[in-house]
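Every chain is numbered from 1, with letters handed out A, B, ... down the list of sequences.
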Amino acid sequence: MTQTIDSSASLPSAPPTSFLEVRDLHVTFPTDDGMVRSVDGLSFKVERGKTMGIVGESGSGKSVTSQAILGLHNSTRAQVSGQIWLDGEELVGKSSEEIRPLRGNKMAMIFQDPLSSLHPFYTIGDQIVEAYRVHNKVSKDVAKKRAIEMLDRVGIPNAAKRVDDYPHQFSGGMRQRVMIAMALVCDPQLLIADEPTTALDVTVQAQILDLMRDLQKEFNSAIILITHDLGVVAEIADDVTVMYGGRAVEQGSVRDVFYSPQMPYTWGLLASMPRLDRDRKGRLDPIPGNPPSLINLPNGCVFSPRCVYRDRVGAACVTDRPDLTPVSDTHRVRCHIPAEQSQRIWLNELNPNL
Amino acid sequence: MTITTSTESGTGVPLRPDALLQVRNLRKHFPITQGILFKRQVGAVKAVDGITFDIANGETLGLVGESGCGKSTAGRTIAKLLEPTSGNIIFNGADITGYSRSQMRPLRSEMQMIFQDPFSSLNPRHTVGTIVGAPYRVQGSLSDKDIKTRVQGLLERVGLNPEHYNRYPHEFSGGQRQRIGVARAIALQPKLIICDEPVSALDVSIQAQVVNLLEDLQSEFGIAYIFVAHDLSVVRHISDRVAVMYLGQIMELADRDTLYSQPRHPYTHSLLSAVPLPDPDSGSRRERILLTGDLPSPINPPSGCVFHTRCWKAQDRCKVEVPLVREISAGHQIACHFPEDRPVFGQGGQTIHGPAPTDQELAAQERDRDLARGGAVTGENIAHETELGWQKRQD
Ligand SMILES: Nc1ncnc2c1ncn2[C@@H]1O[C@H](COP(=O)(O)OP(=O)(O)OP(=O)(O)O)[C@@H](O)[C@H]1O
Ligand SMILES: Nc1ncnc2c1ncn2[C@@H]1O[C@H](COP(=O)(O)OP(=O)(O)O)[C@@H](O)[C@H]1O
Ligand code: SF4
Ligand code: SF4
Ligand SMILES: [Mg+2]
Ligand SMILES: [Mg+2]
């Protein structure tokens with residue numbers, strides 16, 4: 001079992017113990033309408049060889065978090081605070097010149113839409129060669145050999161020939177493989193995958209997830225997998241962070257979150273999706289309402305306007321922000337419902353009806 | 001309902017002549033042309049290649065399959081937004097295959113469409129009132145005041161605030177926009193709505209809201225749905241019967257419970273086994289079938305069984321002989337020479353791999369890509385969509 005969370009994470013002065021430690025991360029965008037609090041006090045840890053799944057609805061701050069780790073936020077438009085420790089090195093506050101050598105080398109990113117992140121006018125090979133040579137002083141020929149090797153490794157048939165093709169000559173699944181090849185060409189220790197399979201069919205998604213699993217074993221990389229698909233998280237994550245309205249509302253091992261979730265939003269996600277592995281339900285149980293605006297967050301618990309369990313707590317839900325509170329060594333929950341009561345609700349009322 | 005079955009020559013599929021919609025051997029091929037002055041056809045995208053099925057009143061037929069297998073094209077061709085290449089579409093007793101635009105106009109009240117993308121499917125310059133009221137205006141029988149009353153009633157029915165009559169689409173969230181699309185589609189109380197990925201762009205929690213709405217409207221008004229989606233769990237939830245498509249053809253069609261608990265086609269098995277389950281321990285209990293490669297090009301579909309290049313059960317016969325659609329038990333049709341018997345989600349946790357592509361297959365794929373690149377793929381203009389306030393195609 002990996003230790004995802006420990007209470008020292010909130011103490012900014014303690015030295016980092018994990019490969020990646022995000023501590024109390026805040027990302028705020030000043031806009032004409034007000035301050036957009038996209039990420040509001042997020043902490044988590046990822047060890048090498050482990051996968052952290054981040055789930056949540058669109059707009060919950062998943063991508064902004066990954067951009068912060070990669071140092072992609074423009075300091076004139078985004079305010080980033082907190083700490084991001086990568087292998088003992090603090091990234092928040094570094095200039096883009098200082099971050100750039102790490103990006104693509106120590107940490108790399110796979111995006112949702114491979115077509116818009118590959119340059120249409122350059123061959124696949126040129127783009128991988130370029131990515132390799134930024135961090136490795138080798139000749140073009142050596143880099144091209146490396147590119148072919150990587151394409152072959154991610155399962156592109158005929159790699160020596162396809163290396164000279166352009167992105168539009170590849171199918172969606174193959175482009176995603178190319179993105180993975182490019183991300184892995186410099187053996188990054190941290191791989192951030194933002195919805196890497198969302199645009200793909202289930203059959204191709206299964207191939208890509210398999211590939212990521214194999215490569216993780218081979219390179220012992222830490223992976224952050226961002227997705228809104230709970231099935232994908234259950235399949236490949238070791239630990240899970242559920243985000244809502246820019247903050248973590250539940251964190252734990254994948255078994256904590258899927259077998260004993262304790263937060264009404266997580267319950268809502270699990271209850272609203274139809275499941276192939278359970279009997280068909282007469283009716284789905286949606287979460288009522290819509291996600292909050294990150295400019296005017298509701299008072300009290302951010303989820304309270306949509307929470308059907310509010311009545312069991314009372315006024316605190318709309319007046320006090322709940323803290324992310326440990327309920328076990330690995331599991332943390334942000335909700336006013338006492339832990340024993342929420343365990344009972346899950347076991348007796350929810351789990352039987354999924 | 002009593003179902004009289006008859007068998008059309010050439011297919012082993014029993015048909016229901018009393019069905020609301022009968023689709024017979026429907027094909028839609030998009031020609032690929034080369035040359036600027038003298039266009040000559042050098043090939044065709046066989047997007048839909050001979051599909052046959054029925055839909056009864058008030059029934060939901062799910063249409064699933066990988067991206068590009070022809071689901072949307074099938075839906076649009078049935079709605080006559082695309083001209084069928086061959087085959088027949090019989091709606092409400094009338095063969096509408098050759099109907100002109102003006103012949104279709106009165107039928108638009110009975111057959112509607114809902115599209116995937118709630119962001120591009122509504123005209124950003126029109127108010128919600130204009131969008132939802134458009135079907136009434138096209139009909140031309142109601143006064144403006146009556147239209148407003150009706151539209152406000154519809155907005156309320158789909159869970160929107162009737163006061164928002166004068167707002168513009170950008171002021172609504174994705175789920176709310178999809179409700180606007182639903183309100184427009186049900187305005188004239190259609191008998192059939194073709195839903196093309198109506199919830200795919202929505203977050204899970206919002207997806208469930210829209211799925212429940214569609215189900216409520218169905219039981220209230222007796223609407224039949226064609227529900228196109230690639231999410232197999234959502235399709236299982238909403239459908240009475242499900243058709244699995246691959247490269248323009250129906251591989252398997254059965255009632256929902258049969259299709260999900262006793263699928264017989266190897267392709268259905270591989271699709272189901274690829275769905276990730278929200279249960280961390282399921283991986284060790286499940287058998288997984290990993291398909292290699294991607295969908296072959298519909299320009300030159302494989303010979304024999306179109307699935308043979310990726311099928312782990314393929315034998316020599318599959319490469320040369322097209323498996324005819326046949327009924328293997330009441331209402332359960334498949335197109336396969338060697339139906340699968342194993343239970344779905346089988347024991348063991350082992351992985352079965354599909355065949356690796358041969359060099360010839362790779363070369364053929366490359367040829368198709370060249371063809372598709374060199375030749376212009378002629379799109380069809382779908383002018384009558386705008387007339388209905390239906391949106392432009394976005395793929
Ligand atoms: N106007 C057109 N001209 C040429 N080819 C087309 C046209 N429209 C669709 N196609 C092709 O027809 C095939 C089927 O397309 P269709 O849009 O029906 O797929 P789909 O099953 O709906 O896929 P998705 O799940 O991605 O929506 C594809 O190969 C597509 O590229
Ligand atoms: N450059 C920006 N300026 C203002 N707001 C932004 C910017 N980038 C993201 N946001 C806002 O931050 C929130 C979280 O966005 P994001 O992390 O992309 O969500 P997701 O969880 O879907 O990945 C959203 O409300 C989004 O609109
Ligand atoms: S704190 Fe209250 S409103 Fe928030 S999730 Fe818990 S019960 Fe619901
Ligand atoms: S006919 Fe042959 S190739 Fe086609 S699905 Fe059946 S076993 Fe597979
Ligand atoms: Mg995102
Ligand atoms: Mg489609």
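No side-chain N or O of B:S67 forms a donor-acceptor pair with one of A:D201 less than 3.5 Å apart.
Without hydrogens or angle criteria, B:Q209 side chain to A:G289 main chain gives a donor-acceptor distance under 3.5 Å. Remark: the backbone N or O of B:L290 is not paired with any side-chain donor or acceptor of A:Q207 at under 3.5 angstrom.
Considering CG of A:D279 and CG of B:D257, their distance stands at 9.5 Å, rounded to 0.5 Å. To the nearest 0.5 angstrom, B:Y267 atom OH is 5.5 Å from A:T203 atom OG1. Atoms CG and CG, on A:L276 and B:L277 in that order, are 6.5 Å from each other to the nearest 0.5 Å. Between the CE atom of A:M273 and the CG atom of B:D203 there is a distance of 12.5 Å, given to the nearest 0.5 Å.
Of the listed residues (A:L269, A:V254, A:L354), the one with the most heavy-atom contacts under 4.5 Å to chain B is A:V254. Between chain A and the options B:S270, B:S282, B:A208, heavy-atom pairs under 4.5 Å are most frequent for B:A208.
Within the 4.5 angstrom heavy-atom criterion, only side-chain atoms of B:V211, from C-beta onward, approach chain A. In this structure, the portions of B:D281 lying under 4.5 Å from any heavy atom of chain A include both its backbone and its side chain.
A 4.5 Å side-chain heavy-atom check between B:Q207 and A:L284 finds every atom pair outside the cut-off. Put simply, the side chain of A:Y259 reaches to within 4.5 Å of the side chain of B:P280, judged on heavy atoms.
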Residues 231-239 of chain B, side-chain donor-acceptor partners within the protein, below 3.5 Å, at least two apart:
residue: B:D231; atom: OD1; partner: B:S233; partner atom: N; Å: 2.8
residue: B:D231; atom: OD1; partner: B:S233; partner atom: OG; Å: 3.3
residue: B:D231; atom: OD1; partner: B:V234; partner atom: N; Å: 3.2
residue: B:R236; atom: NH1; partner: A:R275; partner atom: O; Å: 2.7
residue: B:R236; atom: NH1; partner: A:R278; partner atom: O; Å: 3.1
residue: B:R236; atom: NH2; partner: A:R278; partner atom: O; Å: 2.8
residue: B:H237; atom: NE2; partner: B:E215; partner atom: OE1; Å: 3.4
residue: B:H237; atom: NE2; partner: B:E215; partner atom: OE2; Å: 3.4
residue: B:S239; atom: OG; partner: B:G62; partner atom: N; Å: 3.4
residue: B:S239; atom: OG; partner: B:V235; partner atom: O; Å: 2.8

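The shortest non-hydrogen separation linking B:S205 to A:P286 is O-CB, 3.6 Å. Closest non-hydrogen pair, A:V202 versus B:P276, comes out as CG1-CD, 4.5 Å.
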Practice problem: Starting from the C-alpha separation in whole Å, work towards a yes-or-no answer on side-chain contact (heavy atoms from CB on, under 4.5 Å) for B:D216 and A:R283. | Solution: CA-CA 10 Å; B:D216 291 346; A:R283 220 176 143 70; 2.8 Å; yes
